[in-house]
Each structure stands twice: as structure tokens, then as C-alpha cells.
Amino acid sequence: MTTTTDLPKQYTPADHEPRIWQRWLDANAFHADPDRVLNGEAPPYAVVIPPPNVTGALHLGHALNNTIQDVLVRAHRMMGYETIWLPGTDHAGIATQTVVDKRLKSEGKPALVDYKKIEAEGGNGREQFTAQVMAWKDEYEARITAQLQAMGCSCDWERQRFTMDKVCARAVREAFFRLFKNGLIYRGKRLVNWDPVTQTALADDEVEMHEVDGAFYDLRYPLVHPAAKGEHHKPVTWGELAARGMPGAEAHPDDEQAWVTVATTRPETYLGDVAVAVNPRDPRAAALRGLRCRLPIVGRIVPIIEDDYVVLPVAFGGPAGDAKAEMSTGFLKVTPAHDPNDYEIGRRHEAEIEEACSAGTWLINVMAPDATISADHGWTDINDAKIFLGKTREEARKLVISEFKARTVAEGQEGSLLDRTRPHRHSVGHSYRSHAVIEPYLSDQWYVKVTDDQLKGNALRAMAPNQRSGATLQNLGGTGVPPVTTSSLPEQEEPAGDGQLRFYPDRYSKTFESWHENLRDWCISRQLWWGHRIPVWSGTLTVDANTDPHTATDLIVSGLWEILHDDSRCAAAQVFDESGEPIALDDVLAIHHRDRTYQFFVCLDGRYQGNETALEDLGFVQDPDVLDTWFSSALWPLSTLGWPDPDQSPDTRHLLDAFNPTSVLCTAREIITLWVSRMVMFNRYFRGAESSEQQNSGTADRTARPSSAATSESAAPSSSRHLPGPLPFRDVFIHAMIQDGEGRKMSKSLGNGVDPMDIIASHGSDAMRFTLCHMTTQTQDVRVPVEPDPKTGKNTSPKFDLGRNFCNKLWNASRFTLSILHKSPEAADVSTADVRTLALADRWMLSRLTAGVRAAESSLAQYQFSAYATTLYDLLWRDFCDWYLEAIKPTVAASPQQRAVLRTTLDAICRLLHPVAPFITEAIHEQLRQAPGGSIDGIELTPPRKGDTLCTAGWPITDDALIDPEADAAFERARALVAAIREVRAQHQVPPKRAITLHCAETPDDETAALVRTLANVDTITADAPAGPSVAFSFEQREHKLSNLADAVDAGAERERLTKQIAELDKSIGALEGRLNNPGYAERAPAHLVEQSRAQLEQAKADRDAARAALDTLA
RNA sequence: GGGCGGGUAGCUCAGUUGGCCAGAGCGUUCGCUUUACACGCGAAUGGUCGCCGGUUCGAGUCCGGCCCCGCUCACCA
């Protein structure tokens, strides 16, 4: 039998956590059964974990993120949902590759650069290197799993995924293939964010902007006349310009060569200039029309083009105060291969530039992939500029400046080519990984056309209507596409999900919305080795005039056609002709296109074995690049549920139908834009595709569409009738970011990072969880002061004392409860009728409990985790421990009914607390289950479903009839009287053990009296006046006295107390009178408030008079 | 520059449609080895709710303006 002596006075988490974890696993408590959902036995509740990077171990932010998920998951499991929480990790391409490379270097082992050499020499360097990364991944995946398990995360651990495992890889192949086939993935030569250190392209969101001290360099470009190819370009003089009406030209000597001034922060890119642009509204534009500039040193002749993009300088009509207009010269150097805006300008004037620029092209790339100046990547007219070759960007910049400074516009002319230098602080993009300055760099990359309405449009239409701004609704034109109704889940409504995506807190919907409004196509190729290799094979093919693919003897052509024209081989091709223009596959064979060379990009979905070797036998080569990590992350709610083939393996069987859409995604706000968006787009796109395919194949006949529509639909290509599918999740909860005590982000380099394992060691898992939950308000950041643990030296935080103390309180309350229950084993059940006859404290406790259940439920439903934790903190500590347990001490041993209330209340509190403090509540509940005690009608406590585990037991169901306003009020009155007496006791320093006497004209009812005796240590309550010295106080407008406080009352202390009390009361009388004398108040405020104020005034006056009288007696 | 968040007790933070004298935890002070808990119990101290103006009988809460702090997007002419 358990008594207090069996349980230690302090809760020691380490004694219980591992043991209880094992019990949960043994009971298979977290394993979900999708068939219970599909059979209608239980509604689904599904969460996919935001997969932590295998780059490193989890930090406190992850602890918060996963605590929140576990709270939701455990609560819903107890509420009767079939609950699944899918765990897993993310391969984090560039981050992990970089980290492993660094580690190899620091250990003096062969690193990336060495493996690249091996690969270049024909060895298997790539394979060897990725094997190293895989070893790292195994190490950290295990560590992350251990951390999550130590935290008590109730994931379905048999279904753990990794973004590069077989199931996820299958999803990536399928997704890429479908997008490729439908033209939503394309290849393009574009400017990308290039990291010259890691030598890979980066997505826009992987670029960090940092302020940098730089300068504007104003460069002079000499003006020349156009000339035929190879002939001399005559200088343009200021005199000529003046004659053409150029404002300002007359200020220069007539016979000197004229120039235009461009301003730049990156002078070294001038080597790639192909034009100088001027705004057509610039008054100088007309005079310069048709003229050329000669790039100094390079000697390239470039045209002057007119484009609205160029900002007018203030002097020529630009808006005063506008930063750009203030510093603009009105002339913009155009370097399409090294600046995204210039790229757009260049494209607009492509023909004009190619005709007039002496290089004959509009794109001149002057850098190598490592960002040194190079003539090997698209630059031919080097001339005297060879002095720059091989220089880094920084060296080249200095050299350009010094060369310009040393030269003049024309020989013998005054003034340097460097007009002036102005210091300028501005933001420059840096790689989030290597921190190198990003170079806009021209290269071939793969893109997802996320700007297509099938992706972006459906992401926006997914938003809940009342979280959309009006403007966007108009932009999209109407209410959007009606939802598809092809659900395999009859009990779910509208899985297609238009208007069902909801953000908590709702302000984050704005971020989501505006992200999409500015969306650009997504560059998904990365020049890395760690990741999903792009499933595209490329090759060139010459189709000669005599080829007939159906009878071809040419092995290549026939072999390729065999692959491409057999649907079961799951291959799709994008073809380009010699000029790089896309061309339809069938047109390749059309007569007029024959005898040409084509570049083929063939995508294979990987299902048909043999395609890859067949293609490679034909001389095709797989793209060496890998996919952006987010491509696989975007598929996470699909891939973890087994998409596209959930029935392929037992661990994913039926998951997709049962659990997608999932219920909620919990994440931090830094992720909203990229990840949430991409998951929404992909889920809707890929599951939508399934819907339309089902309809086309005629297997799904749930929608009563007219047959004519169905016919035309099946005739159309699938991409043109693509219907949006369901959401990946309905709710998105965005939680705070954890910072240290100074508001800084936690990081390894600052040394302020906290490992959840260290908190678990110092405070316990439940304490950490409870504290994190308690901190989770609607705010965007939370601070956790970091201190080294005095014992271990590891980082911890006194913040977690809150949770530790709370757990200890729960432990001791339970210990005490158990000892009471075991001391008096006879039990009694309490019927609905009996409830009314219970003691005041019991009725009050049941009322509080019922209200607490309601509050906890509504807090969780609204993702108000702090409110949930606070509710339980107060319910346990304030109500149950401070008042209820203290109140029943004298009576509980003799009352089996009271013991039923006691036992039931603690049981219910354990259930309410279990989601946030699973270990300790499980430990208590295993004791409580064995303790004797009756039940209470109106409180339903369902037993465990699996094993003897609280985690699969039922959430408490309480009848609102137990809410008892009379008991609440009566108890509140008793509590106020106790508080008044305690105040006097404290002020007079009455020893706690000394029982005192209460004198009041009208003695309280028995129940109140009993509570006062117990809680204020009063032994006698009498209507008689005190015989000896006493102290007066006022309660409910009546004078009360306390006597037997001490052998003599300290008159000085008493005088001080009363004087202070009178002052306070006078103040509040003044305030109340002021309010009541305000004529507007009595007239316009609600009557009950006016009445209340009047009552308060009377009470305050009575209390003050009583206090004055008492003061007078003292004197 | 655009958007978002924050500024409430010494510290960390609550305060949901405007309504008693603005709350909690920690800290501080005083008293307690009260037969569950000192990771505790009882009591106390502590605030011009960033500033200015407005609406209202009444504003921490609503409106306008301003000042700080943070995040985020855009911007390398």
C-alpha cells in the first residue's frame, strides 16, 4: 500500500521519465491506426513535425515547437481522436554539406575539395563524400530522436521519416515528374543569387541583407558617334551636344570630347556593360539619341538606350527628397549579366543592344564561378582590360578605380574618368551559409513556375476569407475556383480546402498573403552533392532528314522514342532547338524541322526500372545538381503519409486517405513565407491532380457532373483542367522565437544556446514543457535568461524553476491525497442528488474544476497555450492546494464522499495536465488508479484505451450542472473573511500556532464558520464582546473583533494599521463619490454598475467609520 | 522606405468585444521547522499602463499624431 512514506518529498524527474517512456512504448500508445478513421470509429487528428535539420542537435526553440505539438496531440488523443504525429528529420542540403565539409577539414581528413578532385578524375568522389554526410546524418538523427523522446514527444515513432529516405525520395521523383511534364518546372538561363564560396545558386530566401559601407563611384564614359563595324568611332564634342540642345553642354569647352556620368557601387561590373540607359523624359535624352559610349580600357562601343526604369535626377525633374533621385546622375550603366534590374532592361532592349553594341550580344558575363574576373565565361572583347583578369571582385574594384582615376576622357583633356567618389552605406546580399557577398550570376538553373495560378493562385484561395484583404480578392477576380468534392472521407467537409487555411495569431495571414503577391519563380537547382539529384537526363540529338522514328534504324532516335512514347515508362521531355527556343516533341519530327540538332531534357519519374540505364546507354547524362532542400520539405505532409503510393508499404498504408489534410502545422514565423506557402501549393496541386485523374479514368463517380463536361475534360490535357486539391493542414499556429535574456537570438557562436537535454537534466522534462507552454503568449519573441548551471556548468535558465516548482507542488499534493485515500479505504460514490448535500468546499471545488475544464478546452482550441497553463496552475495551486486541501483537512478522514471529491478532482487535474506534463501525471496516475475512492456523477473519467496509461485515458468530461454559483459566492465570502483575519494576524505577528477568538454580532453560518476555524486558526467564534484586549476590523460593513491575539495588544502597531486603512478608504470614497457625482455617469452607465458603485461607497464609508471608532477606542 | 510586433511593478510577462481600487511569476521585506510540499506556507511592498491629443459618463483597451526597441520585405544608380 502506498503512503506518503513510500514517495519521496521531492519529485525527481529522472526516477520516472525513462521508466514511463518505456511503458508508453510498450503499450504502443502513440501508434495510429488509420483504419479507425476510415471506418468512422474516430475522427482524425494529424500533425506532421516540422522536420529538424540534421545539421545539429535541437535547441530550446525546437523544444518549444515540439512541446506545443505534443500538447495538442496528447490532448486530442485523450479527447478521442485517432491521433497521429509524424516525426522525422530534414537533410538540409547546403547547411549539412557545409558543416560536414568543415568538420572533415578540421579533422585533417579529405574534404569536399579533395572529393571533387577524385570525381573530376573519374573516381567516385561524389559517392564517397555523400557517404560521409550520411554518417553525420545518422549521428544527428539519432541524437535528435533521443532529444524528442526525452522531451516526451508522443510521435508515431514506427513511422519516422527522413527527407531523403526511400518513401520521401519517391515523392520527390513523382512531384518533379508531374511538374516537369505539365510545364511547371522549366530550365532557364537566368541571373541567380550565386554564392561564390560554396559555388551554388541560392533561393531569394537564402540571401541575407547586411548593411555595408561602400561608395558611389561616378564614372565618365566618353561619347562617340556610331560607325560601321570595324570603322573608327568619332568622338562627340560638347559643341555638338550644345548644338543638339543638350542642357549643360555649353558649360564645357566646345572642342572637348563629351561624356556621360554613370554612378555605381560596383565599378568592376563595368567590364560587362552593354549599354547606358537614360530616362526618355530626361531633357538630355533627345540630344543623345543615336549616340554611343566607349567603355574605357575595354574599348567596347555601347548604345545609349532609353528606359523608364532610370530615375530622373532632381535637377532634371526627379522627385526631390527621393533617395534615388537625389544621387542619380540620370545615366545608368547596364550590365545585364551582373545585375537583376539591368537584366530586365537588357531583355527589353535586346535587339537594339545586339545591333549597336560592338560585342554583338546583350549578355556579357565577366566572372568565373568563384567571382574572379574571367574571360572564359562569355566575355570576348577583352582588349586592354586583360589587366583585370584573375582578380577578385574586391581587387578588380580597386584597380578599376585607380585606372579610371589615372585616365582622362580624351588625351590631353583635363579631368579624370573618375568624376567623384561618395561614401554610401547600403544593404548587400550575403549567403546565409558562407556569408560571402552574393553575386548575381548568369547560369542555367531549374525553376518551379510558382507564379502559375495553379500554384500561387490556389495558395491564396486557400486562405480563410476573413483573413484575406479585400485588395487581393479583387486582384484574383471573384471568389476563386469552387472546391472539388472527391473526398474519400465522407465525414470530412470539403477537403479541397478553398478558404480553409487559417493562421493563429491571424496577423500572420498578412505575411502569407503579401509573400504570394510578390512571388517570383523558384530556383530549385543547387550545385551541391547532398540532396535529391535532379531526375533529368540531357543529351543532344541530330534528327536527320531521313529519320522516321517508327521505322528508324538509328538506335538513338528509336531508343529515345521508345522511352518517350510509352506512357508506362513514365518519361517526359522538354526539347530546345539550336537557338535555345523550346519546341514541342512532335514538332521535332515534322518535316520542316528535320536535319537539326536538338537538346533534350528527359525527366524520369523513377518508377520504370531500366529507363535510366537505357537513356545513359543513348549517351544521355543526368543533371549533376541537386534540388533545393525545400522541394522535399514542401512535400512533407504528403511524403510522410506515403504519397504517392501509401499502400506500397505497411507503415504508410491508408495514411494519406485518413490523415491528409492534417490538422495543424506549428512553426516559427521565419518559416511562414517559404515553407507554409510551398506546402500549400504542392498539396493542393498534387492531390488536385489525383482528383482530376480519378474523374478522367471514371473510377470516381461521386461528383454529378454532366457527361458532356466529363467528356471534354478527359479529352483535354490534364494540366489544362487541373483542379485544386485539399490543404496540407487547416490551421497554422505561429509561435514565438526564443531569445536570450538580452533579446539576442540563441546561437552557438554567442555561446547562449541551450540544449533541451540540459534543462531536462536540471529541471525535468515536464518542468521544461510546462514553462515553455506558460511562456507561449501571442507575442512574437520570448526571452529566456541563460545562466550556467552551478553544478554542471551547462547552460540553463532560472525561468524553468516555475515549471519545476509547479511539478513539485503537484507531486506533494498527490502524495498527500494518496495518503488520505489509503488511510480510509472505504469508498462511496456521489450521485447527482448527493452533490447538493456535499460540504461547501466540495461543491466549490467541483464547480472550480468544471470551470477549469471549460477554460482549458477553450484555450487549447484557440491555441492559447499560456492561458491553458495558467488555468491549470491556478486550478491546482490556488484552488486545490491553497484552499481545498487546507479546508478539508479536519473532515476528510471521516467522509467517504469528501474523499470521492478529492480523488476525482486530482484524477481530473492529472488528465487536464497530462498534455503539458505527461511524465509526472502518468507517474501520479499509476498510484492514483490503485487508491480507493468513489466516483462523482457528472464527472466522466474514461479508463485507458491502451495498457494502463493515462496518455490513452479519456479527457475529463464534466457536466456544467456542477458549476455552482451559490457555492462559488459562499466560498468566496468565507475566503474574504479568512483573508481579513490573516491580515490582522500577520500585522500583529500572531504566531501561526496560536488559536484566536473571533467576535461578531451576527455569527456566520456553520460552513463558513468551519472554514474560518480551519483556515484562519480561529478556535472560538462568538457574539460576545471581547473581555480583554482586542483588535477591530471591518467585514461586510460590520465591525468584527479579534481577541486572544497575544498576551497584550501592541497599541502602536494597531494605531499604525488603522490610520493607514482609514487613509486608503478615504481615497476610495473620494474616487467613488467623484464618479457618482458625475451627472453623465448615473444617466448613461449601465444601472448595475451605478448600483454597484453606490454599494461600494456605502461599504467603504462603513468600513472607514468602523476603523475610526476602533482608533478612538485605542486612544 | 513598406508591413508586422513590442514599450504595463526592480526583472519576465498576462490583461479576449472599453466598466470595481490594473494582475501573475520571480525578486525584495516581515513572520513561520503549521503532521503534503522551504522547489514550501502566511502577509506586505511595489505601477503617471512610452509621450501628446481626441472619442466616451468612463480608455492600459478605441481613433489620430509622435518617440524608442525588435522582426520582416524591398533596395547594391
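Order of the sequence lines sets the chain letters (A, B, ...), proteins ahead of strands, with each chain counted from 1.
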Working note: A:Tyr309 + A:Asn341, criterion side-chain hydrogen bond (donor to acceptor under 3.5 Å, both in side chains); need CA distance, chi angles, decisive distance, verdict.
CA-CA 9 Å; A:Tyr309 176 78; A:Asn341 295 313; 3.1 Å; yes
Could you check whether A:Ser514 gets within reach of a base, just the sugar-phosphate, or nothing at all, counting any heavy atom under 4.0 Å?
nothing
Taking any heavy-atom pair under 4.0 Å as a contact, classify A:Ile820: base, sugar-phosphate, or nothing.
nothing
Under 4.0 Å between any heavy atoms, over every strand shown, what does A:Glu886 touch: base, sugar-phosphate, or nothing? Just pick one.
base
Pick base, sugar-phosphate or nothing for A:Val310, based on heavy-atom distances below 4.0 Å to the nucleic acid.
base
Classify the nucleic acid contact of A:Cys881 as base, sugar-phosphate or nothing, counting any heavy atom under 4.0 Å across all strands shown.
base
Residue A:Lys510, side-chain atoms from C-beta onward, closest of B:C4, B:C41, B:C39
B:C4
Counting just side-chain N and O atoms, does A:Lys9 come under 4.0 Å of either OP1 or OP2 of B:C37?
yes
When all nucleic acid strands are considered with a 4.0 Å heavy-atom cut-off, which category describes A:Ile1069: base, sugar-phosphate, or nothing?
nothing
Just call it for A:Arg507: base, sugar-phosphate, or nothing, with non-hydrogen atoms closer than 4.0 Å on any strand.
sugar-phosphate
Answer with base, sugar-phosphate or nothing: what part of the nucleic acid does A:Val784 contact at a heavy-atom distance below 4.0 Å?
nothing
Taking only the side-chain nitrogens and oxygens of A:Asn805, find out if one of them lies under 4.0 Å from OP1 or OP2 of B:G40.
yes
At under 4.0 Å between heavy atoms, which parts of nucleotides 28-35 of chain B does protein reach? Answer with one letter per nucleotide, 5' to 3': B base, S sugar-phosphate only, - none.
--SSS-B-
Between the side chains of A:Asp218 and A:Thr261, does any donor sit under 3.5 Å from an acceptor?
no
NA contact type, A:Asp218, heavy-atom cut-off 4.0 Å: base, sugar-phosphate, or nothing?
nothing
Who passes side chain to side chain contact (heavy atoms under 4.5 Å, CB included) against A:Lys889, sequence neighbours left out?
A:Phe816, A:Glu886
Produce the list of close N/O pairs, under 3.5 Å, pairing protein atoms with atoms of nucleotides 42-47 of chain B; give distances to one decimal.
residue : atom : partner   : partner atom : Å
B:U45   : OP1  : A:Lys1060 : NZ           : 3.3

Any chance you could encode RNA chain B as dot-bracket? Rule is Watson-Crick or G-U wobble with both distances under 3.5 Å; [ ] for pairs crossing earlier ones, | for another strand.
(((((((..((((.....[...)))).(((((.......))))).....(((((..]....))))))))))))....
Is A:Lys889 near enough to B:A36 that one of its side-chain N or O atoms lies under 4.0 angstrom from OP1 or OP2?
yes
So what does A:Lys799 hit on the nucleic acid, given a heavy-atom distance under 4.0 Å: a base, only sugar-phosphate, or nothing?
sugar-phosphate
Which is true for A:Asp339 with a 4.0 Å heavy-atom rule: it touches a base, it touches only sugar-phosphate, or it touches nothing?
sugar-phosphate
Tabulate atom names and distances for all N/O pairs under 3.5 angstrom spanning the protein and nucleotides 68-73 of chain B.
residue : atom : partner  : partner atom : Å
B:G70   : N2   : A:Gln780 : NE2          : 2.9
B:G70   : N3   : A:Gln780 : NE2          : 3.4
B:C71   : O2'  : A:Arg669 : NE           : 3.3
B:C71   : O2'  : A:Arg669 : NH2          : 3.2

Give one of base, sugar-phosphate or nothing for A:Tyr873, where a contact means two heavy atoms less than 4.0 Å apart.
sugar-phosphate
OP1 or OP2 of B:G40 less than 4.0 angstrom from a side-chain nitrogen or oxygen of A:Trp811, does that happen here?
no
Counting any heavy atom closer than 4.0 Å, what does A:Phe880 reach on the DNA or RNA strands: base, sugar-phosphate only, or nothing?
nothing
The criterion is ring pair (Phe, Tyr, Trp, His ring centres under 6.0 Å); which residues satisfy it with A:Phe806, sequence neighbours excluded?
A:Phe770, A:Tyr873
Evaluate the criterion salt bridge (charged side-chain N to carboxylate O under 4.0 Å, His left out) for residue pair A:Arg1013 and A:Asp1019; output intermediate values, then yes/no.
CA-CA 6 Å; A:Arg1013 284 197 176 90; A:Asp1019 59 355; over 6 Å; no
What contact category does A:Thr264 fall into here, base, sugar-phosphate, or nothing, at under 4.0 angstrom with non-hydrogen atoms?
sugar-phosphate
